[in-house]
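Data block below; observations after.
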Amino acid sequence: MYRKQQKSIIKHMDFLILDILMLIISYIAATIIRDGWHSLRANAAFLTMLGVLILLQVMVALQGNNYNDILRRGYLVELKCVLIQNAIVLAAAFTFMFITKSQPKYSRLVFGYLLIINTLLTYGAHLIWKRVVRGRMVNSKERTHLLVISEYAGLEACIRRLQSEWYKEYKITGVVVYDRQMKGDVINNISVVADMDELFQYLKKEVVDEVFLNIDGNNQERLTITEDLLEMGITVHININMDLGQGQLPNPIVHNMSGCAVLTTSIKTATFYQMVAKRMMDIAGGIVGLILTAFLFIILMLYK
């Protein structure tokens with residue numbers, strides 16, 4: 001089963017929670033700097049604006065694309081995105097104050113401090129958390145095992161591109177050269193694990209979740225290989241540059257994979273919510289199994 005790529009706001013919910021936390025800390029700090037600690041005591045205007053800012057933060061995240069490719073951003077791009085997000089939230093807050101005619105209750109200086117503090121805190125938090133998430137991804141045992149099947153002519157460039165992505169959800173476990181006998185060779189630190197005539201024997205013995213297909217042959221050859229892989233329950237990513245009729249393949253999804261435009265096909269695709277539902281059903285089934293096992297154990301003990 002191949003999991004569809006979920007929206008960035010769902011995929012990076014942790015960054016939204018982090019941004020809300022930084023916003024709360026920044027607004028409290030800005031208010032204290034401007035008016036002192038006493039301004040926080042039973043201050044209805046402060047609590048109202050805090051709630052409005054949190055709501056606006058969530059709305060901006062839902063409506064925009066601020067978390068797209070967040071783990072792949074460089075330092076300057078990240079700073080730019082944080083500044084834009086904070087500016088939009090503050091502009092929306094000023095619009096709220098104008099509509100509700102509540103400007104006299106709030107100091108513009110507080111919002112100036114808020115912009116500076118929140119930008120620094122959010123930027124720093126993003127850099128730290130991205131390092132944590134990337135480290136977890138690199139060391140994760142849940143990364144999918146990817147096998148590359150490619151012609152020799154474009155093999156090295158294909159592997160370099162797939163390896164160039166610092167943050168990726170797959171691990172390249174081997175290579176199969178489509179048009180040469182090269183089993184045992186090593187290309188860009190990746191072993192050639194089988195020749196084409198041994199491909200399906202290899203797939204039966206080893207763990208392979210997905211295949212990246214980079215073959216510039218006629219469509220029928222690639223289609224036959226793809227269909228055989230799908231019958232084995234393996235997800236296939238086909239280099240879009242190697243045109244292949246989408247209408248003949250089940251559940252086609254076009255997306256970007258380490259800079260390569262690919263057509264992904266699998267017997268069954270699942271959305272983020274379907275994956276969550278499946279996991280919940282697995283947990284519920286496990287709990288039921290434990291309960292039945294406990295009852296069976298008690299019965300056996302009583303009649304022993």
Side-chain angles (χ1 to χ4, degrees), residues 3-34 39-40 42-103 105-134 136-137 167 169 270-277 279-280:
R3 183 177 66 185
K4 284 185 179 180
Q5 291 184 325
Q6 58 264 44
K7 292 182 179 179
S8 60
I9 184 60
I10 298 175
K11 186 176 181 179
H12 298 302
M13 186 66 70
D14 49 348
F15 281 95
L16 174 59
I17 296 173
L18 188 65
D19 287 352
I20 292 173
L21 180 60
M22 294 301 103
L23 178 63
I24 293 172
I25 294 173
S26 300
Y27 187 54
I28 292 174
T31 303
I32 293 174
I33 292 173
R34 171 63 175 81
S39 61
L40 303 179
N43 190 331
F46 167 80
L47 295 176
T48 299
M49 181 51 65
L50 182 60
V52 169
L53 288 172
I54 293 173
L55 180 61
L56 292 174
Q57 181 77 47
V58 174
M59 291 176 63
V60 169
L62 290 174
Q63 297 297 323
N65 57 355
N66 296 319
Y67 299 116
N68 283 353
D69 293 328
I70 188 170
L71 294 175
R72 299 178 175 90
R73 293 176 189 164
Y75 295 110
L76 293 178
V77 175
E78 185 62 47
L79 180 59
K80 175 185 174 182
C81 291
V82 170
L83 278 170
I84 291 174
Q85 178 172 291
N86 288 342
I88 293 173
V89 170
L90 287 184
F94 279 114
T95 302
F96 167 80
M97 289 188 292
F98 176 78
I99 293 174
T100 59
K101 299 181 180 180
S102 56
Q103 302 99 315
K105 297 180 181 179
Y106 303 101
S107 168
R108 291 186 179 87
L109 194 56
V110 169
F111 290 98
Y113 291 147
L114 173 62
L115 178 61
I116 297 172
I117 297 172
N118 194 37
T119 297
L120 293 176
L121 288 182
T122 303
Y123 180 64
H126 279 196
L127 295 183
I128 294 172
W129 189 243
K130 284 199 293 186
R131 184 176 292 274
V132 172
V133 174
R134 285 168 174 169
R136 280 165 40 188
M137 285 299 304
Y167 163 71
E169 298 178 346
T271 65
F272 172 77
Y273 298 105
Q274 289 171 334
M275 293 296 292
V276 171
R279 184 58 59 87
M280 295 301 295

Main chain of A45, side chain of Y106: is a donor-acceptor contact present, judged purely on distance under 3.5 Å? yes
CG/L115 to CG/L83 distance, rounded to the nearest 0.5 angstrom? 7.0 Å
Let me confirm one number: the OG1-NZ distance from T100 to K105, rounded to the nearest 0.5 Å. 7.5 Å
With a 6.0 Å cut-off on ring centres, are Y75 and Y123 close enough? no
Are any non-hydrogen side-chain atoms of L53 and I20 less than 4.5 angstrom apart? no
May I ask you to test the V89-M59 pair for a side-chain heavy-atom distance under 4.5 Å? no
Distance check, rounded to the nearest 0.5 Å: I33 atom CD1 versus I28 atom CD1? 12.0 Å
Of all heavy-atom pairs linking L114 and A30, the shortest is N-CB, 3.7 Å
State, to 0.1 Å, how close Q103 and M97 come at their nearest heavy-atom pair, and which atoms those are. OE1-O, 3.3 Å
Excluding sequence neighbours, so at least two apart, what forms ring-ring contact (aromatic ring centres under 6.0 Å, His included) with F111? F94
What are the two closest heavy atoms between A93 and L56, and how far apart are they? N-CD1, 3.5 Å
side-chain hydrogen bond (donor to acceptor under 3.5 Å, both in side chains): which pairs involve residues 80-96, sequence neighbours left out? D19-Q85, N66-Q85, N86-N118, N86-T119
Quick check for you: to the nearest 0.5 Å, what is the distance between M22 atom CE and H126 atom NE2? 9.0 Å
Less than 4.5 Å apart, side chain to side chain, heavy atoms only: is that true for V110 and Y27? yes
Atom pair CG/CG of L55 and L50 - distance to nearest 0.5 Å: 11.5 Å
Distance in Å, L79 CG paired with I84 CD1, rounded so as to fall on 0.5 Å steps: 10.0 Å
Close side-chain approach of V133 and D14, heavy atoms under 4.5 Å: yes
